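Have a look at the structure below before the remarks.
Note that this is a predicted model, so its numbers are computed, not measured. Residue numbers begin at 1 in each chain, while the letters A, B, ... track the order of the sequences.
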Amino acid sequence: MKNFHVSTTINGDDAEFICTPDETLLDVLRNRLGLTGAKEGCGTGDCGACSVTLNGRLVCSCLVLGAEAEGAEIETIEGMADGDDLHPLQRVFIDKAALQCGVCTPGILVAARSLLEKNPEPTDEEIRYWLAGNLCRCTGYDKIIKAVQIAAAEMRSV
Amino acid sequence: MALDTSNKREFKVVGTRVQRPDGIDKVTGKAMYGADVTAPGMLIGRILRSPHAHARIVSLDTSAAEALKGVKAVVTTADLSTPEDDYFADIRDNCLAREKVLYDGHAVAAVAATNKHVAKEALKLIKVEYEILSHVTDVDEAMKADAPIVQEGRADESVHEGWSQNVTSHFEFGHGDLEAGFAKADKIVERTFKTAATHQGYIEPHACLASLGTDGRGELWCCTQGQFLVRTKCAEILGIEASQLRVTASEIGGGFGGKTTVFIEPVALALSRKAGRPVKLVMSREEVFRASGPTVSSSIDVKIGMTKDGRITAGQAKLRYQGGAFPNGTVEFGSQAAFAAYDLEAVQTLGWNVMTNRPKEISYRAPGAPMAIYAVESVVDELCQELSLDPLETRLKNAARKGTLSSYGPTFNDIGLVATLEAAKTHPHYSAPLGKNQGRGLSCGFWFNFGGNTCVSLNLNSDGTVGVVEGNPDIGGSRASISMMAAEELGIPYEKVRTVITDTNSLGYNDVTDGSRVTFAVGLATIEAARAAIKIMCSRVAKIWGIDEEAVVWEDGCAKPSGPNAGEFPPMTIAEIAAIADNTGGPIAGHHEVNADGAGVSFGVHIVDTEVDPETGATKILRYTVFQDAGKAVHPDYVEGQMQGGAVQGIGWALNEEYIYGEDGRLQNPGFLDYRIPVASDLPPIDTVILEIPNPGHPYGVRGVGETSIVPPLAAISNAVSRATGVRMTELPMSPPKLLKAMSER
């Protein structure tokens, strides 16, 4: 199996890696680049814990091959805060206890940011459908939906 | 340790909604879970699993795999030790099969290789010859005399002669004259229920990184609800000494009881010992479903008699639980919990634990209770329908209260059931109007709660801040609540305390994070540790002031003279005391070790509105309210979170989730696509009402809150569906095809 040499941009920085043809972007992020914020909950695109954006599009990184990252712009949870300045979603998730075990949280935050970029004023139902691909087993989603609404309102008022 | 009633306590920190200490790490991706660490020279482990439900291992040849370039170790059961105790031997045999494979997915062998591609190739080179045996996966089938026998000779002394060898234990609880009770009833309803096995569904698969030398010294990093229990089990299975194996719990991505045992950890340690290098082993989601520990499936008969005015005269339940291929004890909890919400003159529960060719069951949030209470609460609801009684009034009329002889033996102390029912009755949800195809259901829920072995150390730092060291993995915000209780007792701000969860070498033994015990028991030990530190601080100050220790009191984070007779001294703050500790006797710390009892049982009531689509049989949850007694809610956000999370797991159990086995005994839905847990768009907001009926067994009145919330949804939703459709469902999950069929036969 011949390996690929891939040049890409991750969270605004240049990144290079070697990967096998069958290696997923999630494996590359976690095992080759040390970015373990994206989690593997299923490996089949059902749980959303590995959510990242690829050229602005929300994807499950377990369903993307590492080789597909060539020339792309990837955003992960590690790039969500600006230095020590948390993204409003991150801050409100802590304030409003929208996480328990926290393992789904990176994926949910990446997905929620992606929603608010497209739709700054979503209804509860729109949030619930947008996040339907992100499984959370701890919270029952209630506090997550409320936190996204509060962060959205805060972001609109800036 | 009793509730502090000396003066009505005004809490300053407890009851507020502070930020959790692990919040930033968890929203930025920095938190380290089981699979997030690496070690120098690390190998990747993989496990070969049985494709058969039941088979004898005729031969097992690993030589070709061992010869593959890049393979550094292959292990089988021969590489494990021989524990004397059956309990540990069963766990060993579940980790790697011995002689027989007992279920689809049962581990047979494992490899460690330089990367996952080589490891995968190596698995294909392991040759296993199986002699396929007949299998059984249904509990009622497994109890028949001619059923395939999963394991021989495993019944304990409670099992009657002539029963199937798959029955491993039997329980009986109750009191009063059943016959006389049923004779007094105006109406008797008797029904049989079946509930499917469900999985805890934690999003983080089991993962560990193991390093074990040939000298028996080891390090293990893993996601677990209890590092001490992992140490005990691994030491037994590997034949090493507990002192030589240090286990560190990672951040844990959900557990719900499912991470209270070991599946892969001993295997990774055995691989590491053989390879002489660290080994990382992570389960795939498919492996989690096939070969970790789901909950039991059940078959239950319930018979209840009631008078016309709604008094229950007698109740009987017969519970049959299958817990997979090894003996388990879960039906005992179900038998004890079934009628716990009721004050009954005559009650009896009978329980049978049964083996089948399924994975070895492990706890799932209030293990054994949801299905038992589902069956009882369904029959109570049906009686209310038959006798045109209000289901809430009827429960109030029969509710257990202080002084009630419980159905499982003890007499209840202060309990919150009546208060919880009253809160539900007056809540606007209970009287809100309903539309077409809609129905409202309710159910009580109960869990025992647990205390258990607990150690806490509390260290005063030289700047007056405090470090708390405890040994229970934080699964839903407990580090915050432990810090809060330390701050409360010491009279200092929450921000001055940091709580860490330590490894097995740094603290005495702690039971696992289970039984809703952490906020109760670790909280209790933390308060006692703080009191011990306060005593030392007061004695140091007494020396400085030259007065008796008894003449120094602790208030608002300061030592003060107890009154005018003690002398006039300005208060000394904790920071001032800490700064000069060197000169007053050295470092200051408090610690406490306890096997805590007095956990205080927990009751809850759920109300749910459902709408059933007459075309498809799909049930939509329209509105949901949880009422639960928390004793004292230390951090209300995370109490609400437990109430909401448990309710939604119960909703999944009621409507979607089930282990589906084919005729071949293989699991047909080992993934989140086909084993469908609730997603955000399935649900409405989950409203919560916290009741606070103080637990007499805790200084602040705290009760565990984690488990009760999964109990009521099963019956509450079934009762709502019954009222929406006129159909009484007796099987869970109430998936659309099943409900549609029942509606068409109406």
Over all atoms of both residues, closest heavy-atom pair of [X] and [Y]:
{"X": "B/Ile686", "Y": "A/Asp142", "value": "N-OD2, 2.7 Å"}
{"X": "A/Ala97", "Y": "B/Asp637", "value": "CB-CB, 3.5 Å"}
{"X": "B/Gln644", "Y": "A/Thr139", "value": "CB-O, 3.5 Å"}
{"X": "A/Leu99", "Y": "B/Lys26", "value": "CD1-CB, 3.6 Å"}
{"X": "B/Pro678", "Y": "A/Tyr141", "value": "O-OH, 2.8 Å"}

Could you tell me the separation between the [atom1] atom of [X] and the [atom2] atom of [Y], rounded to the nearest 0.5 Å?
{"X": "B/Ile252", "Y": "A/Gln100", "atom1": "CD1", "atom2": "CD", "answer": "12.5 Å"}
{"X": "A/Asp95", "Y": "B/Gln19", "atom1": "CG", "atom2": "CD", "answer": "4.5 Å"}
{"X": "B/Ser681", "Y": "A/Ile127", "atom1": "OG", "atom2": "CD1", "answer": "12.5 Å"}
{"X": "B/Thr28", "Y": "A/Asp84", "atom1": "OG1", "atom2": "CG", "answer": "12.0 Å"}

Would you say [X] has more than 12 foreign heavy atoms packed within less than 6.0 Å of its [atom1]?
{"X": "A/Leu63", "atom1": "CG", "value": "yes"}
{"X": "A/Lys118", "atom1": "NZ", "value": "yes"}
{"X": "A/Glu73", "atom1": "CD", "value": "no"}
{"X": "A/Arg57", "atom1": "CZ", "value": "no"}
{"X": "B/Gln668", "atom1": "CD", "value": "yes"}

What option among [options] has the most heavy-atom pairs under 4.5 Å with chain B?
{"options": "A/Cys42, A/Gly45, A/Gly34", "answer": "A/Cys42"}
{"options": "A/Gly37, A/Cys101, A/Cys136", "answer": "A/Cys101"}
{"options": "A/Ala49, A/Ala38, A/Gly102, A/Cys47", "answer": "A/Gly102"}

Is chain A contacted by the side chain of [X], its backbone, both, or neither, given a heavy-atom distance below 4.5 Å?
{"X": "B/Ile651", "result": "neither"}
{"X": "B/Lys30", "result": "neither"}
{"X": "B/Ile475", "result": "backbone"}
{"X": "B/Ala31", "result": "backbone"}
{"X": "B/Glu204", "result": "both"}
{"X": "B/Gln642", "result": "both"}

Looking at B/Val27, is its backbone amide N or carbonyl O close enough to the side chain of A/Gln90 to form a donor-acceptor pair, meaning the two atoms are under 3.5 Å apart?
yes
Under 3.5 Å donor-acceptor, B/Arg285 side chain and A/Gly41 backbone:
yes
Ion pair [X]/[Y], N-O distance below 4.0 Å:
{"X": "B/Glu640", "Y": "A/Lys143", "answer": "yes"}
{"X": "A/Arg128", "Y": "B/Asp682", "answer": "no"}
{"X": "B/Asp36", "Y": "A/Lys39", "answer": "yes"}
{"X": "A/Arg137", "Y": "B/Glu657", "answer": "yes"}

Is there a side-chain contact between [X] and [Y] in this structure, where contact means two heavy atoms from C-beta onward sitting under 4.5 Å apart?
{"X": "B/His117", "Y": "A/Asp22", "answer": "yes"}
{"X": "B/Arg17", "Y": "A/Lys96", "answer": "no"}
{"X": "B/Tyr202", "Y": "A/Cys138", "answer": "no"}

Between [X] and chain B, with a heavy-atom cut-off of 4.5 Å, which part of the residue counts as in contact: side chain, backbone, both or neither?
{"X": "A/Thr44", "result": "neither"}
{"X": "A/Leu135", "result": "both"}
{"X": "A/Leu86", "result": "side chain"}
{"X": "A/Glu40", "result": "backbone"}
{"X": "A/Asn134", "result": "neither"}

From the list B/Ser284, B/Gly254, B/Gly201, B/Gly23, the residue making the most non-hydrogen contacts under 4.5 Å with chain A is B/Gly201
Heavy-atom pairs under 4.5 Å with chain A: which of B/Val648, B/Val288, B/Leu683 has the most?
B/Leu683
